[in-house]
Amino acid sequence: GLDGRVLLSNEAFRTLSGYGADEIGKLGLGDLDAVNRPEDLPMIVRSIIEAGRLRFETRLRRKDGTEVEVEVSVSALEDGAGLASFVRDITDRKRAEKELFAGRERLESVIESLDDLFFVLDSEGRFTRYHCPPHRDLFLPREELLGRRYDQVLPPDLVATIRGALAEVQETGKPVRIDYTLRTAGPARYWNATVSRYRTGNEADEGFTILSRDVTDRRRAEAALLESEAQLREAHAIASLGRWRRDGATGAMTLSPEAL
């Protein structure tokens with residue numbers, strides 16, 4: 001009713017609240033709503049009548065004193081004699097939301113501790129967020145990066161590489177690794193990146209992630225090692241010139257092929 005009393009209820013609501021059919025009719029919203037105060041009821045009723053309907057989340061106080069997370073959809077009856085309310089238990093959904101939020105917080109902590117660059121692209125290829133360690137240079141200022149597509153801000157050769165990786169990830173659903181070079185401040189640096197799907201449970205928010213690791217020092221170390229090996233082979237070849245061996249028993253001398 002307009003005074004907040006429960007005039008009619010079904011078995012599902014009585015089961016949810018824990019009250020019997022002979023008890024529920026003696027209760028009002030003030031007895032059942034664990035969030036809104038009884039003195040706020042007139043204002044809530046007026047809002048519903050003015051808007052025609054209202055949907056909100058609250059907690060239902062059960063007979064045993066426990067509380068249940070619920071979603072309430074309220075509509076004013078056409079004759080103006082009362083309100084019709086549909087109450088849905090959303091305990092599982094709220095629990096899942098809390099777990100998802102906790103998982104996101106853990107993920108944020110991991111991302112912020114990375115020594116790598118991390119980017120999130122939406123389904124259209126626009127940069128929506130990024131992580132860049134303080135000691136590293138980003139290829140563009142933040143205000144020029146966020147909200148823009150990768151093909152608007154990156155060099156053509158890198159655009160082609162990323163476009164191919166995104167297409168492969170979209171088709172297979174599996175991460176793709178790419179290598180590229182990019183110049184920021186100073187000489188060009190070498191990068192190794194993993195491109196993956198970004199899933200949030202909401203299709204409108206899904207897209208791609210790019211985790212990029214600077215491998216310049218490793219590449220330089222590998223190049224230096226190859227150069228050292230080449231120099232060692234050359235030194236060995238030079239040292240081998242004129243090599244000979246004398247047989248102690250016969251006194252015969254044998255020369256290496258390089259000395260011939």
Side-chain angles (χ1 to χ4, degrees), residues 1-114 118 120-123 126 128-131 146-147 196-209:
L2 296 178
D3 59 356
R5 290 186 302 110
V6 180
L7 302 178
L8 182 67
S9 64
N10 62 6
E11 184 177 351
F13 180 74
R14 293 193 292 272
T15 299
L16 180 62
S17 66
Y19 289 98
D22 57 336
E23 299 173 302
I24 200 76
K26 302 174 183 178
L27 303 175
L29 292 182
D31 302 304
L32 299 169
D33 193 328
V35 176
N36 297 298
R37 300 175 301 175
E39 54 265 35
D40 294 333
L41 177 60
M43 181 183 65
I44 296 175
V45 171
R46 283 197 302 271
S47 299
I48 296 171
I49 293 175
E50 292 173 0
R53 61 176 58 86
L54 184 67
R55 176 179 295 178
F56 58 94
E57 294 180 4
T58 186
R59 293 193 303 274
L60 175 70
R61 184 184 296 110
R62 305 179 76 248
K63 181 179 179 179
D64 61 7
T66 59
E67 298 178 0
V68 181
E69 300 275 2
V70 295
E71 180 184 78
V72 183
S73 299
V74 189
S75 301
L77 298 178
E78 293 183 359
D79 59 7
L83 305 172
S85 300
F86 298 88
V87 181
R88 184 163 63 97
D89 184 350
I90 58 172
T91 303
D92 292 339
R93 191 189 79 190
K94 299 296 285 188
R95 183 184 299 114
E97 289 175 353
K98 290 179 180 178
E99 292 175 353
L100 178 60
F101 181 76
R104 286 181 176 176
E105 284 194 321
R106 289 193 294 270
L107 178 60
E108 290 293 330
S109 298
V110 171
I111 290 174
E112 290 302 318
S113 67
L114 290 174
F118 180 78
V120 177
L121 282 65
D122 66 13
S123 58
R126 289 184 290 263
T128 59
R129 65 158 297 183
Y130 75 92
H131 164 72
L146 296 181
S196 308
R197 288 296 302 269
Y198 180 63
R199 302 182 186 277
T200 63
N202 181 358
E203 290 186 7
D205 295 332
E206 292 187 353
F208 305 90
T209 63

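- Rounded to the nearest 0.5 angstrom, Thr91 OG1 and Glu67 CD are separated by 11.0 Å.
- Annotation: Arg53, atom CZ; neighbour count of heavy atoms from other residues, nucleotides and ligands within 6.0 Å does not exceed 12.
- Using modelled atom types and a 3.5 Å distance limit, the side chains of Thr128 and Asp122 yield no donor-acceptor pair.
- Residue Ser17 is tested with Val70, Val68, Ile24, Asp64 for a side-chain contact (heavy atoms from CB on, under 4.5 Å); the sole match is Ile24.
- Put simply, CG on Leu60 and CD on Glu69 are 10.5 Å apart, with the number rounded to the nearest 0.5 Å.
- The CG atom of Leu16 sits 12.0 Å away from atom CZ of Arg88, with the distance rounded to the nearest 0.5 Å.
- Looking at Thr66, its side chain never comes within 3.5 Å of a backbone N or O of Arg62 through a donor-acceptor pair.
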Inset, instruction - Run the numbers on Leu32 and Phe13 for side chain to side chain contact (heavy atoms under 4.5 Å, CB included), then give the verdict. - result: CA-CA 11 Å; Leu32 299 169; Phe13 180 74; 3.9 Å; yes

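- Smallest separation of non-hydrogen atoms from Leu27 and Glu23: CG-O, 3.6 Å.
- Considering only heavy atoms from C-beta on, Glu57 comes within 4.5 Å of Arg93 through its side chain.
- When each of Arg129, Arg126, His131 is paired with Val120, the side-chain contact (heavy atoms from CB on, under 4.5 Å) condition holds for Arg129 and for no other.
- For the atom pair Arg61 CZ and Asp33 CG, the distance stands at 7.5 Å (nearest 0.5 Å).
- Applying the 6.0 Å contact sphere to CZ of Phe86 captures no more than 12 heavy atoms from other residues, nucleotides or ligands.
- Atom CZ in Arg14 sits 13.0 Å away from atom NZ in Lys63 (nearest 0.5 Å).
- Taking CG from Leu146 and OH from Tyr130, the interatomic distance works out to 6.5 Å, rounded to the nearest 0.5 Å.
- Nearest approach of Phe208 to Tyr198, heavy atoms of both residues: N-CB, 3.6 Å.
- With contacts defined as side-chain heavy-atom distances shorter than 4.5 Å, the pair Glu206/Arg197 qualifies.
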